[in-house]
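One structure is given here, and the rest of the page talks about it.
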2 protein chains.
Amino acid sequence: MSTLKSKILVVATDLFQTRGINSTGVDTIVAVAGTTKMTLYKYFTSKENLILEVLNKGHQDFQTWLSDKLNTNTKKPSEKLQKLFEFIEEWVTSPNFRGMGFIKASAEFPNEESPVHQLSSEQSRQFRQYISSLAAEANIKDADGLALQLSLLFEGAVQAEQMKRGSGAMKYAKKAAKILIDEALTA
Amino acid sequence: MSTLKSKILVVATDLFQTRGINSTGVDTIVAVAGTTKMTLYKYFTSKENLILEVLNKGHQDFQTWLSDKLNTNTKKPSEKLQKLFEFIEEWVTSPNFRGMGFIKASAEFPNEESPVHQLSSEQSRQFRQYISSLAAEANIKDADGLALQLSLLFEGAVQAEQMKRGSGAMKYAKKAAKILIDEALTA
DNA sequence: CATGATATATACATATCTGTATATGGGTTT
DNA sequence: AAACCCATATACAGATATGTATATATCATG
(Lines give C-alpha, C1' and ligand atoms only; values in the text may rest on other atoms or scores of the structure.)
Protein backbone atom coordinates (compact mmCIF):
# COMPACT_ATOMS: atom_id res chain seq x y z
CA MET A 1 0.00 0.00 0.00
CA SER A 2 1.17 3.48 -0.88
CA THR A 3 2.65 5.40 2.01
CA LEU A 4 0.35 8.33 1.26
CA LYS A 5 -2.75 6.17 1.35
CA SER A 6 -1.56 4.71 4.62
CA LYS A 7 -0.89 8.16 6.00
CA ILE A 8 -4.37 9.33 5.06
CA LEU A 9 -5.89 6.31 6.78
CA VAL A 10 -3.97 6.97 9.99
CA VAL A 11 -4.81 10.67 10.02
CA ALA A 12 -8.49 10.04 9.25
CA THR A 13 -8.70 7.43 12.01
CA ASP A 14 -7.29 9.93 14.45
CA LEU A 15 -9.46 12.85 13.39
CA PHE A 16 -12.65 10.80 13.21
CA GLN A 17 -12.01 9.68 16.75
CA THR A 18 -11.12 13.04 18.25
CA ARG A 19 -13.46 15.33 16.31
CA GLY A 20 -16.19 13.02 15.10
CA ILE A 21 -16.71 11.63 11.61
CA ASN A 22 -19.35 14.00 10.26
CA SER A 23 -17.56 16.98 11.74
CA THR A 24 -14.30 16.17 10.00
CA GLY A 25 -14.09 17.41 6.42
CA VAL A 26 -11.82 15.95 3.79
CA ASP A 27 -10.07 19.33 3.60
CA THR A 28 -9.00 18.93 7.21
CA ILE A 29 -7.83 15.38 6.62
CA VAL A 30 -5.62 16.23 3.65
CA ALA A 31 -4.26 19.31 5.41
CA VAL A 32 -3.16 17.28 8.45
CA ALA A 33 -1.88 14.45 6.26
CA GLY A 34 0.14 16.97 4.25
CA THR A 35 -1.41 16.21 0.89
CA THR A 36 -4.28 17.37 -1.30
CA LYS A 37 -7.82 16.36 -2.11
CA MET A 38 -6.78 15.16 -5.55
CA THR A 39 -4.56 12.54 -3.96
CA LEU A 40 -7.19 11.49 -1.45
CA TYR A 41 -9.74 10.94 -4.18
CA LYS A 42 -7.21 8.92 -6.15
CA TYR A 43 -7.02 6.36 -3.35
CA PHE A 44 -10.58 6.60 -2.07
CA THR A 45 -13.61 6.88 -4.30
CA SER A 46 -15.53 8.98 -1.76
CA LYS A 47 -15.52 10.08 1.84
CA GLU A 48 -17.87 7.23 2.62
CA ASN A 49 -15.40 4.80 1.10
CA LEU A 50 -12.66 6.31 3.25
CA ILE A 51 -14.80 5.86 6.37
CA LEU A 52 -15.43 2.22 5.46
CA GLU A 53 -11.72 1.55 4.96
CA VAL A 54 -10.89 3.24 8.27
CA LEU A 55 -13.43 1.01 10.01
CA ASN A 56 -12.15 -2.13 8.30
CA LYS A 57 -8.53 -1.42 9.15
CA GLY A 58 -9.30 -0.64 12.78
CA HIS A 59 -11.35 -3.77 13.22
CA GLN A 60 -8.81 -6.02 11.50
CA ASP A 61 -5.95 -4.59 13.54
CA PHE A 62 -7.82 -5.21 16.77
CA GLN A 63 -9.07 -8.69 15.94
CA THR A 64 -5.69 -9.82 14.67
CA TRP A 65 -3.88 -8.49 17.72
CA LEU A 66 -6.40 -10.01 20.12
CA SER A 67 -6.46 -13.45 18.49
CA ASP A 68 -2.67 -13.63 18.37
CA LYS A 69 -2.40 -12.55 21.97
CA LEU A 70 -4.90 -15.15 23.13
CA ASN A 71 -3.45 -17.96 21.05
CA THR A 72 0.14 -17.42 22.14
CA ASN A 73 -0.54 -16.75 25.83
CA THR A 74 -3.31 -19.15 26.73
CA LYS A 75 -4.18 -22.76 25.97
CA LYS A 76 -7.33 -23.89 27.76
CA PRO A 77 -10.62 -22.41 26.48
CA SER A 78 -11.71 -21.26 29.94
CA GLU A 79 -8.35 -19.56 30.33
CA LYS A 80 -8.89 -17.64 27.10
CA LEU A 81 -12.15 -16.31 28.41
CA GLN A 82 -10.63 -15.30 31.72
CA LYS A 83 -7.73 -13.49 30.08
CA LEU A 84 -9.86 -11.76 27.47
CA PHE A 85 -10.41 -8.57 29.40
CA GLU A 86 -6.78 -8.47 30.53
CA PHE A 87 -5.72 -8.17 26.92
CA ILE A 88 -8.53 -5.83 25.99
CA GLU A 89 -7.44 -3.53 28.78
CA GLU A 90 -3.89 -3.72 27.48
CA TRP A 91 -5.12 -2.71 24.03
CA VAL A 92 -7.34 0.10 25.23
CA THR A 93 -4.75 1.64 27.54
CA SER A 94 -1.92 1.38 25.01
CA PRO A 95 -0.62 4.77 23.84
CA ASN A 96 -1.54 4.18 20.21
CA PHE A 97 -5.15 3.34 21.05
CA ARG A 98 -7.38 5.33 18.74
CA GLY A 99 -10.76 4.18 19.99
CA MET A 100 -13.02 1.51 18.59
CA GLY A 101 -14.31 2.89 15.34
CA PHE A 102 -17.50 0.88 15.09
CA ILE A 103 -18.83 2.12 18.42
CA LYS A 104 -18.62 5.73 17.32
CA ALA A 105 -19.72 5.07 13.77
CA SER A 106 -22.94 3.35 14.77
CA ALA A 107 -23.86 6.40 16.83
CA GLU A 108 -23.10 8.87 14.07
CA PHE A 109 -24.81 6.83 11.35
CA PRO A 110 -28.06 5.55 12.88
CA ASN A 111 -29.79 5.07 9.55
CA GLU A 112 -29.92 1.33 8.96
CA GLU A 113 -29.62 1.75 5.21
CA SER A 114 -26.30 3.52 5.54
CA PRO A 115 -23.34 1.33 4.52
CA VAL A 116 -21.35 2.79 7.40
CA HIS A 117 -24.03 1.74 9.86
CA GLN A 118 -24.24 -1.70 8.32
CA LEU A 119 -20.49 -2.27 8.54
CA SER A 120 -20.18 -1.09 12.12
CA SER A 121 -23.18 -3.19 13.07
CA GLU A 122 -21.58 -6.20 11.40
CA GLN A 123 -18.28 -5.61 13.20
CA SER A 124 -20.07 -5.39 16.53
CA ARG A 125 -21.80 -8.66 15.73
CA GLN A 126 -18.52 -10.33 14.71
CA PHE A 127 -16.82 -9.33 17.93
CA ARG A 128 -19.73 -10.65 19.98
CA GLN A 129 -19.63 -13.86 17.95
CA TYR A 130 -15.93 -14.24 18.69
CA ILE A 131 -16.55 -13.96 22.42
CA SER A 132 -19.43 -16.40 22.11
CA SER A 133 -17.18 -18.96 20.42
CA LEU A 134 -14.69 -18.66 23.27
CA ALA A 135 -17.50 -19.15 25.77
CA ALA A 136 -18.85 -22.14 23.87
CA GLU A 137 -15.41 -23.80 23.86
CA ALA A 138 -15.32 -23.29 27.61
CA ASN A 139 -18.55 -25.29 27.81
CA ILE A 140 -20.65 -22.38 28.97
CA LYS A 141 -24.34 -23.09 28.59
CA ASP A 142 -25.70 -19.76 27.38
CA ALA A 143 -22.62 -18.72 25.45
CA ASP A 144 -24.46 -16.08 23.41
CA GLY A 145 -25.94 -14.59 26.56
CA LEU A 146 -22.59 -14.24 28.29
CA ALA A 147 -21.03 -12.88 25.10
CA LEU A 148 -23.70 -10.21 24.93
CA GLN A 149 -23.16 -9.23 28.55
CA LEU A 150 -19.41 -9.02 28.13
CA SER A 151 -19.73 -6.99 24.96
CA LEU A 152 -22.03 -4.55 26.78
CA LEU A 153 -19.36 -4.08 29.43
CA PHE A 154 -16.68 -3.75 26.78
CA GLU A 155 -18.50 -1.21 24.63
CA GLY A 156 -19.59 0.77 27.65
CA ALA A 157 -16.04 0.89 29.00
CA VAL A 158 -14.54 1.87 25.66
CA GLN A 159 -17.02 4.70 25.31
CA ALA A 160 -16.31 5.88 28.86
CA GLU A 161 -12.58 5.67 28.19
CA GLN A 162 -13.04 7.62 24.97
CA MET A 163 -15.00 10.30 26.79
CA LYS A 164 -12.39 10.64 29.50
CA ARG A 165 -9.00 8.95 29.31
CA GLY A 166 -7.97 7.36 32.57
CA SER A 167 -11.55 7.11 33.79
CA GLY A 168 -10.81 3.71 35.29
CA ALA A 169 -13.86 2.31 33.54
CA MET A 170 -11.88 -0.57 32.03
CA LYS A 171 -10.62 -1.62 35.45
CA TYR A 172 -14.15 -2.00 36.80
CA ALA A 173 -15.39 -3.57 33.59
CA LYS A 174 -12.67 -6.20 34.02
CA LYS A 175 -13.80 -6.94 37.59
CA ALA A 176 -17.42 -7.21 36.49
CA ALA A 177 -16.44 -9.51 33.61
CA LYS A 178 -14.65 -11.83 36.01
CA ILE A 179 -17.72 -12.09 38.21
CA LEU A 180 -20.02 -12.78 35.27
CA ILE A 181 -17.66 -15.38 33.79
CA ASP A 182 -17.27 -17.19 37.11
CA GLU A 183 -21.01 -17.21 37.56
CA ALA A 184 -21.54 -18.59 34.06
CA LEU A 185 -18.86 -21.26 34.52
CA THR A 186 -20.34 -22.61 37.75
CA ALA A 187 -23.96 -22.43 36.59
CA MET B 1 -44.53 26.56 27.40
CA SER B 2 -45.84 27.38 23.93
CA THR B 3 -47.28 24.41 22.09
CA LEU B 4 -45.10 25.20 19.09
CA LYS B 5 -41.93 25.23 21.16
CA SER B 6 -42.99 21.94 22.70
CA LYS B 7 -43.71 20.49 19.27
CA ILE B 8 -40.30 21.54 17.99
CA LEU B 9 -38.64 19.90 20.99
CA VAL B 10 -40.48 16.63 20.43
CA VAL B 11 -39.75 16.56 16.71
CA ALA B 12 -36.09 17.45 17.23
CA THR B 13 -35.71 14.74 19.86
CA ASP B 14 -37.12 12.22 17.44
CA LEU B 15 -35.06 13.29 14.43
CA PHE B 16 -31.82 13.59 16.40
CA GLN B 17 -32.32 10.05 17.58
CA THR B 18 -33.27 8.47 14.28
CA ARG B 19 -31.03 10.45 11.90
CA GLY B 20 -28.29 11.77 14.13
CA ILE B 21 -27.82 15.29 15.45
CA ASN B 22 -25.31 16.68 13.00
CA SER B 23 -27.13 15.11 10.07
CA THR B 24 -30.42 16.78 10.95
CA GLY B 25 -30.77 20.35 9.68
CA VAL B 26 -33.07 22.93 11.15
CA ASP B 27 -34.93 23.03 7.82
CA THR B 28 -35.87 19.38 8.29
CA ILE B 29 -36.96 19.99 11.87
CA VAL B 30 -39.28 22.87 11.04
CA ALA B 31 -40.68 21.03 8.02
CA VAL B 32 -41.63 17.99 10.12
CA ALA B 33 -42.89 20.18 12.96
CA GLY B 34 -45.04 22.08 10.46
CA THR B 35 -43.58 25.49 11.14
CA THR B 36 -40.83 27.76 9.88
CA LYS B 37 -37.29 28.70 10.78
CA MET B 38 -38.39 32.13 11.98
CA THR B 39 -40.49 30.51 14.69
CA LEU B 40 -37.75 28.09 15.68
CA TYR B 41 -35.26 30.92 16.11
CA LYS B 42 -37.80 32.83 18.20
CA TYR B 43 -37.82 30.05 20.77
CA PHE B 44 -34.22 28.88 20.45
CA THR B 45 -31.27 31.21 20.03
CA SER B 46 -29.35 28.69 17.92
CA LYS B 47 -29.28 25.06 16.88
CA GLU B 48 -26.82 24.38 19.67
CA ASN B 49 -29.26 25.89 22.13
CA LEU B 50 -31.98 23.61 20.74
CA ILE B 51 -29.73 20.57 21.18
CA LEU B 52 -29.03 21.55 24.79
CA GLU B 53 -32.74 21.96 25.54
CA VAL B 54 -33.52 18.60 23.94
CA LEU B 55 -30.86 16.97 26.11
CA ASN B 56 -32.10 18.68 29.26
CA LYS B 57 -35.72 17.73 28.66
CA GLY B 58 -34.84 14.10 27.91
CA HIS B 59 -32.70 13.76 30.99
CA GLN B 60 -35.23 15.44 33.26
CA ASP B 61 -38.08 13.30 31.96
CA PHE B 62 -36.09 10.14 32.57
CA GLN B 63 -34.78 11.05 36.01
CA THR B 64 -38.17 12.25 37.20
CA TRP B 65 -39.91 9.13 35.97
CA LEU B 66 -37.28 6.82 37.46
CA SER B 67 -37.20 8.52 40.88
CA ASP B 68 -40.99 8.52 41.15
CA LYS B 69 -41.18 4.90 40.11
CA LEU B 70 -38.58 3.85 42.68
CA ASN B 71 -40.03 5.94 45.49
CA THR B 72 -43.59 4.72 45.04
CA ASN B 73 -42.82 1.05 44.40
CA THR B 74 -39.97 0.26 46.76
CA LYS B 75 -39.04 1.10 50.32
CA LYS B 76 -35.81 -0.55 51.41
CA PRO B 77 -32.60 0.77 49.84
CA SER B 78 -31.43 -2.67 48.73
CA GLU B 79 -34.82 -3.18 47.12
CA LYS B 80 -34.43 0.03 45.12
CA LEU B 81 -31.15 -1.20 43.75
CA GLN B 82 -32.61 -4.57 42.82
CA LYS B 83 -35.60 -3.04 41.05
CA LEU B 84 -33.58 -0.39 39.26
CA PHE B 85 -33.05 -2.37 36.07
CA GLU B 86 -36.64 -3.59 36.07
CA PHE B 87 -37.82 -0.01 35.74
CA ILE B 88 -35.10 0.95 33.33
CA GLU B 89 -36.16 -1.91 31.09
CA GLU B 90 -39.73 -0.71 31.33
CA TRP B 91 -38.64 2.76 30.24
CA VAL B 92 -36.44 1.58 27.39
CA THR B 93 -38.99 -0.82 25.95
CA SER B 94 -41.89 1.62 26.24
CA PRO B 95 -43.30 2.68 22.86
CA ASN B 96 -42.51 6.35 23.38
CA PHE B 97 -38.85 5.63 24.14
CA ARG B 98 -36.73 7.97 22.07
CA GLY B 99 -33.29 6.84 23.17
CA MET B 100 -31.02 8.36 25.76
CA GLY B 101 -29.85 11.63 24.31
CA PHE B 102 -26.63 12.01 26.23
CA ILE B 103 -25.23 8.69 25.01
CA LYS B 104 -25.60 9.71 21.39
CA ALA B 105 -24.57 13.30 21.97
CA SER B 106 -21.29 12.42 23.60
CA ALA B 107 -20.39 10.34 20.56
CA GLU B 108 -21.29 13.03 18.06
CA PHE B 109 -19.62 15.83 20.02
CA PRO B 110 -16.30 14.41 21.24
CA ASN B 111 -14.64 17.79 21.61
CA GLU B 112 -14.43 18.46 25.34
CA GLU B 113 -14.83 22.19 24.86
CA SER B 114 -18.21 21.75 23.17
CA PRO B 115 -21.13 22.73 25.43
CA VAL B 116 -23.07 19.77 24.08
CA HIS B 117 -20.30 17.40 25.09
CA GLN B 118 -20.04 19.00 28.50
CA LEU B 119 -23.75 18.70 29.18
CA SER B 120 -24.00 15.07 28.07
CA SER B 121 -20.91 14.26 30.10
CA GLU B 122 -22.48 15.92 33.12
CA GLN B 123 -25.73 14.01 32.65
CA SER B 124 -23.86 10.74 32.45
CA ARG B 125 -22.05 11.65 35.66
CA GLN B 126 -25.32 12.58 37.39
CA PHE B 127 -26.95 9.29 36.49
CA ARG B 128 -23.96 7.35 37.78
CA GLN B 129 -24.04 9.44 40.96
CA TYR B 130 -27.69 8.60 41.44
CA ILE B 131 -26.99 4.87 41.21
CA SER B 132 -24.06 5.31 43.57
CA SER B 133 -26.29 6.98 46.16
CA LEU B 134 -28.71 4.05 45.95
CA ALA B 135 -25.82 1.63 46.42
CA ALA B 136 -24.46 3.62 49.36
CA GLU B 137 -27.85 3.56 51.07
CA ALA B 138 -27.86 -0.20 50.64
CA ASN B 139 -24.56 -0.26 52.56
CA ILE B 140 -22.50 -1.42 49.63
CA LYS B 141 -18.80 -0.94 50.25
CA ASP B 142 -17.55 0.24 46.86
CA ALA B 143 -20.71 2.09 45.86
CA ASP B 144 -18.99 4.13 43.16
CA GLY B 145 -17.47 1.00 41.67
CA LEU B 146 -20.77 -0.82 41.43
CA ALA B 147 -22.44 2.29 40.07
CA LEU B 148 -19.84 2.51 37.33
CA GLN B 149 -20.31 -1.15 36.42
CA LEU B 150 -24.08 -0.84 36.31
CA SER B 151 -23.88 2.31 34.21
CA LEU B 152 -21.61 0.51 31.74
CA LEU B 153 -24.22 -2.21 31.38
CA PHE B 154 -26.97 0.36 31.08
CA GLU B 155 -25.28 2.52 28.46
CA GLY B 156 -24.16 -0.51 26.51
CA ALA B 157 -27.66 -1.95 26.49
CA VAL B 158 -29.27 1.34 25.49
CA GLN B 159 -26.88 1.70 22.60
CA ALA B 160 -27.52 -1.88 21.51
CA GLU B 161 -31.24 -1.30 21.78
CA GLN B 162 -30.93 1.89 19.77
CA MET B 163 -28.99 0.08 17.06
CA LYS B 164 -31.53 -2.70 16.83
CA ARG B 165 -34.88 -2.59 18.59
CA GLY B 166 -35.79 -5.84 20.25
CA SER B 167 -32.18 -6.96 20.45
CA GLY B 168 -32.80 -8.42 23.89
CA ALA B 169 -29.76 -6.57 25.19
CA MET B 170 -31.70 -5.07 28.09
CA LYS B 171 -32.84 -8.49 29.23
CA TYR B 172 -29.29 -9.75 29.54
CA ALA B 173 -28.09 -6.49 31.03
CA LYS B 174 -30.73 -6.94 33.73
CA LYS B 175 -29.49 -10.46 34.50
CA ALA B 176 -25.90 -9.26 34.66
CA ALA B 177 -26.89 -6.39 36.93
CA LYS B 178 -28.57 -8.80 39.33
CA ILE B 179 -25.42 -10.92 39.55
CA LEU B 180 -23.19 -7.89 40.15
CA ILE B 181 -25.52 -6.44 42.78
CA ASP B 182 -25.80 -9.74 44.64
CA GLU B 183 -22.04 -10.10 44.56
CA ALA B 184 -21.57 -6.56 45.90
CA LEU B 185 -24.17 -7.06 48.64
CA THR B 186 -22.58 -10.23 49.97
CA ALA B 187 -18.99 -9.01 49.67
C1' DC C 1 -64.02 47.18 13.59
C1' DA C 2 -59.35 48.08 14.82
C1' DT C 3 -55.01 46.98 17.25
C1' DG C 4 -51.22 44.17 18.29
C1' DA C 5 -48.90 40.00 19.10
C1' DT C 6 -47.81 35.61 16.84
C1' DA C 7 -46.81 32.78 12.99
C1' DT C 8 -45.96 32.34 8.01
C1' DA C 9 -43.88 32.81 3.41
C1' DT C 10 -40.02 33.80 0.92
C1' DA C 11 -35.81 35.33 -0.18
C1' DC C 12 -31.22 35.95 0.90
C1' DA C 13 -26.32 36.38 3.03
C1' DT C 14 -22.63 33.62 4.43
C1' DA C 15 -20.15 29.67 5.25
C1' DT C 16 -18.79 24.96 4.60
C1' DC C 17 -19.11 20.60 2.55
C1' DT C 18 -18.01 16.95 -1.21
C1' DG C 19 -16.17 16.15 -5.42
C1' DT C 20 -13.96 17.65 -9.98
C1' DA C 21 -11.37 20.27 -13.67
C1' DT C 22 -7.15 22.14 -15.13
C1' DA C 23 -2.61 23.34 -15.19
C1' DT C 24 1.99 22.72 -13.07
C1' DG C 25 6.03 20.68 -10.66
C1' DG C 26 9.50 16.88 -9.73
C1' DG C 27 11.50 12.65 -10.00
C1' DT C 28 12.44 7.95 -12.36
C1' DT C 29 12.99 5.13 -16.29
C1' DT C 30 14.02 4.34 -21.05
C1' DA D 1 17.18 14.56 -22.97
C1' DA D 2 12.38 13.01 -23.35
C1' DA D 3 8.41 10.62 -22.00
C1' DC D 4 5.87 9.32 -18.07
C1' DC D 5 3.81 8.99 -13.67
C1' DC D 6 2.80 10.74 -9.38
C1' DA D 7 1.60 14.43 -6.55
C1' DT D 8 0.61 19.42 -6.03
C1' DA D 9 -1.67 23.86 -6.43
C1' DT D 10 -5.66 26.26 -7.23
C1' DA D 11 -9.95 27.23 -8.60
C1' DC D 12 -14.53 26.08 -9.04
C1' DA D 13 -19.29 23.77 -9.37
C1' DG D 14 -23.17 22.25 -6.79
C1' DA D 15 -25.33 21.09 -2.68
C1' DT D 16 -26.51 22.07 1.91
C1' DA D 17 -25.86 24.28 6.42
C1' DT D 18 -27.08 28.13 9.88
C1' DG D 19 -29.04 32.31 10.69
C1' DT D 20 -31.49 36.83 9.20
C1' DA D 21 -34.40 40.44 6.71
C1' DT D 22 -38.77 41.78 5.04
C1' DA D 23 -43.36 41.62 4.09
C1' DT D 24 -47.78 39.31 4.91
C1' DA D 25 -51.41 36.64 7.08
C1' DT D 26 -54.05 35.06 11.18
C1' DC D 27 -56.57 35.76 15.22
C1' DA D 28 -57.85 36.97 19.97
C1' DT D 29 -58.87 40.99 22.56
C1' DG D 30 -60.02 45.91 23.33
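In the text below, chain A, chain B and the rest are named by the order of the sequence lines, each starting its count at 1. Only a predicted model underlies this, so the values are computations on that prediction, with no experimental measurement involved.
Listed by chain and number, the residues in a side chain to side chain contact (heavy atoms under 4.5 Å, CB included) with A:Lys69 are A:Trp65, A:Asn73, A:Phe87, A:Glu90 (sequence neighbours excluded).
Residues from residues 41-57 of chain A that place a heavy atom under 4.0 Å from any atom of DNA chain C, listed by number: A:Tyr41, A:Ser46, A:Lys47.
Direction change of the helix axis from one end of the helix from C:dC1-D:dG30 to C:dT30-D:dA1 to the other is 10°, with five pairs defining each end axis (rounded to 10°).
One atom, CG of B:Asp27, and another, C1' of C:dA11, lie 13 Å apart when rounded to the nearest Å. Here D:dG19 presents its C1' atom at 9 Å from CE of B:Met38, a figure rounded to the nearest Å. The interatomic distance linking B:Ile8 (CD1) with D:dG19 (P) rounds to 14 Å, in whole Å. The interatomic distance linking B:Lys37 (NZ) with D:dT18 (C1') rounds to 7 Å, in whole Å. In this entry the distance linking CD1 of A:Ile29 with P of C:dG19 reads 11 Å, nearest Å. Taking atom CG of residue B:Leu40 and atom C1' of nucleotide D:dG19, one finds them 11 Å apart after rounding to whole Å.
When side chains are defined from C-beta on, A:Ser106 counts as touching B:Gln159, because their heavy atoms get closer than 4.5 Å. Side chains of A:Ser67 and A:Tyr130 form a contact here, defined as non-hydrogen atoms less than 4.5 Å apart. Two residues are said to be in side-chain contact when any heavy atoms from C-beta on lie closer than 4.5 Å; B:Tyr41 and B:Val30 fail this criterion. Using a 4.5 Å cut-off on side-chain heavy atoms (C-beta onward), B:Phe102 and B:Leu119 make no contact. The shortest side-chain heavy-atom distance between B:Lys174 and B:Glu86 falls under the 4.5 Å cut-off.
Heavy-atom contacts from other residues, nucleotides or ligands closer than 6.0 Å to NZ of B:Lys7 number 12 or fewer.
Classification of A:Glu108 and B:Lys104 as a salt-bridged pair fails, no side-chain N sitting under 4.0 Å from a carboxylate O.
Comparing A:Gly25 and B:Leu4, the nucleotide of DNA chain C nearest to each residue sits closer to the 5' end for B:Leu4.
Taking side-chain N and O atoms only, B:Thr39 has a distance below 4.0 Å to OP1 or OP2 of C:dT8. Side-chain N/O atoms of B:Thr35 include one lying less than 4.0 angstrom from OP1 or OP2 on C:dT8.
Cation-pi check for A:Lys171 over A:Phe85 is not met; the charged atom does not lie both under 6.0 angstrom from the ring centroid and within 45 degrees of its normal.
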